[in-house]
Amino acid sequence: GPPLAHRPRLVAPRRATALDKIDKAVDNTLNKTRSWGPARQAGVVLATYAAHAGALGRGSVLLPYQLVPNEFGLWQSVGFDSLLGSCFLGLHVLRRCKRSHRKRELPPT
């Protein structure tokens with residue numbers, strides 16, 4: 001038979017990770033909303049902004065101790081908007097480190 005260096009390697013199929021499932025969900029959402037009209041897109045933006053300005057912007061998690069000692073009462077809590085932003089930043093960094101991101105698939109035209 002052919003030398004070992006020229007034999008095709010059998011590669012086991014890779015199981016989808018949680019990150020792959022998140023990527024697929026983001027792709028599906030982007031593809032679905034891409035066809036929405038400007039009024040519907042503006043409505044989603046306004047609703048998201050209202051959620052941020054309301055519950056996410058005002059709510060916070062009280063920390064057990066002050067992160068940076070100061071007499072102004074700062075650094076005693078973390079806002080929900082900051083927590084959510086940190087989660088998205090963490091997911092982005094994780095995708096970059098794992099190189100699991102792929103090009104976004106555009107819907108058929």
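Position 1 is the first residue of the sequence; numbering continues from there. Computed from heavy atoms alone, side chains included, the values below leave out hydrogens, waters and symmetry copies.
- Of all non-hydrogen atoms in P69 and L67, the two that sit nearest each other are CD-O, 3.8 Å.
- Going from atom CG of N28 over to atom OG1 of T33 covers 10.5 Å, rounded to the nearest 0.5 Å.
- For W75 against L63, the heavy-atom pair with the smallest separation is O-CD1, 4.1 Å.
- Around atom CH2 of W36, more than 12 heavy atoms belonging to other residues, nucleotides or ligands sit under 6.0 Å away.
- The backbone N or O of V78 lies less than 3.5 Å from no partner atom in the side chain of S82, so there is not a single donor-acceptor pair.
- Both L74 and V68 are assigned to one and the same hydrophobic cluster, defined by single-linkage of ILVMFWY side chains at heavy-atom distances under 4.5 Å.
- The closest donor-acceptor contact from the side chain of Q76 to the backbone of Y65 lies at 3.5 Å or more, if one exists at all.
- Here the CZ-OG distance, from R40 to S35, works out to 7.5 Å after rounding to the nearest 0.5 Å.
- Residues F88 and V61 share a single hydrophobic cluster, defined by chaining ILVMFWY side chains whose heavy atoms lie under 4.5 Å apart.
- Considering every non-hydrogen atom in both L62 and S77, the closest pair reads CA-CB, 4.1 Å.
- The main-chain N or O of G73 is found under 3.5 Å from a side-chain atom of N70 such that the two form a donor-acceptor pair.
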